[in-house]
Trainee: 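Questions regarding the structure given below will be posed in turn.
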Amino acid sequence: MALSSQLRRLLRSSASVSSPPSSILRATFCSSPSSSAPAPNPPHLSSIIGDDTEVSNVPPLTTPKLFISGLSRLTTDEKLKNTFAPFGQLLEAKVIADRISGRSKGFGFVRYATLEEAENARQGMNAKFLDGWVIFVDPAKPRQQKPAPQPDTDSSHTGFTSNKTVGWCG
DNA sequence: GTTGAGCGTT
């Protein structure tokens, strides 16, 4: 069954999904009654505890491209597109599949026109169900650039190719 | 025929 493996996957990343009990964190900040501590730099508790912002404060996205992970292997591009379409204008929606086997790798990318749409889709579809699997929406990292910039064609015009292997005297 | 870590074929 897919549920068991999904549960295992959820257990792995439970740190970023489950909201930790705030009572424990607040208890940590309770200063001990021992007044021996001079506390030369009293911090503003309001800035530490914060408002209602949970520990996983969602920072604004810096890219309209989103990385969708946890996809079902049956989920395809269109399903992804239809799922993320209501959140904004999709410029791209693709499920990455292995070119050899042709099957999905279980993750994909969606790109919106603006950051707001991406933010909306992220907060709307993160840790939600798609094809029976819990998907995760995260900002995508810039794709691998071109590997070989090819600075110049060396050893083409000089003719100085060290063909002879340098043999170590050792 | 699916068994699950992670960032793409152009």
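Every chain is numbered from 1 and lettered A, B, ... according to where its sequence line falls, protein lines coming before strand lines.
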Trainee: Rounded to whole Å, how long is the line connecting atom NZ of A:K65 with atom C1' of B:dT10?
Mentor: 12 Å
Trainee: What is the distance, rounded to the nearest whole Å, between atom CG of A:L71 and atom P of B:dA5?
Mentor: 15 Å
Trainee: Measure up the A:F107 and A:F109 rings against each other and bin them: parallel (under 30°), tilted (30 to 60°), perpendicular (over 60°).
Mentor: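 Perpendicular, since the angle between the ring planes exceeds 60°.
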Trainee: Can you tell me how far apart CD (A:E117) and CZ (A:R111) are? Round to the nearest 0.5 Å.
Mentor: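 So the CD of A:E117 and the CZ of A:R111 are separated by 12.5 Å.
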Trainee: Between A:V95 and A:S72, who's closer to the 5' end of DNA chain B by nearest nucleotide?
Mentor: A:S72
Trainee: Quick test of the criterion, 5.5 Å between centres and less than 30° between planes. Is A:F67 stacked on B:dG6 or not?
Mentor: no
Trainee: What is the distance from CG of A:D98 to P of B:dT3, rounded to the nearest Å?
Mentor: 12 Å
Trainee: So which nucleotide from B:dG6, B:dG4, B:dG8 ends up closest to the side chain of A:R73?
Mentor: B:dG4
Trainee: Taking the side chain of A:R143 as heavy atoms from C-beta outward, which of B:dT2, B:dG6, B:dG8 is closest to it?
Mentor: B:dG8
Trainee: With a 4.5 Å cut-off on side-chain heavy atoms, are A:L130 and A:K128 touching?
Mentor: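 A:K128 does not reach A:L130 side chain to side chain.
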Trainee: Whole Å only: how far is the CG atom of A:D131 from the C1' atom of B:dT3?
Mentor: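 My rounded result for the distance is 15 Å.
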Trainee: Whole Å only: how far is the NZ atom of A:K105 from the C1' atom of B:dG4?
Mentor: 13 Å
Trainee: Rounded to whole angstrom units, what separation is found between the CZ atom of A:F136 and the P atom of B:dA5?
Mentor: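 The distance from CZ of A:F136 to P of B:dA5 comes to 13 Å, rounded to the nearest Å.
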Trainee: Would you find a donor on one side and an acceptor on the other, under 3.5 Å apart, between the side chain of A:D138 and the backbone of A:F67?
Mentor: no
Trainee: Would you compute the distance between atom OG1 of A:T83 and atom CG of A:L71 and round it to the nearest 0.5 angstrom?
Mentor: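 Between A:T83 OG1 and A:L71 CG, I get 8.5 Å after rounding to 0.5 Å.
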Trainee: When you measure from the side chain of A:S69, which nucleotide among B:dC7, B:dG6, B:dG8 comes out closest?
Mentor: B:dG6
Trainee: Round to the nearest Å and state the distance from A:R103 atom CZ to B:dG6 atom P.
Mentor: 21 Å
Trainee: When you match A:R99 and A:F107 each to their closest nucleotide on DNA chain B, which lands nearer the 5' end?
Mentor: A:F107
Trainee: Can you measure A:I96 atom CD1 to B:dA5 atom P for me and round it to whole angstrom units?
Mentor: 18 Å
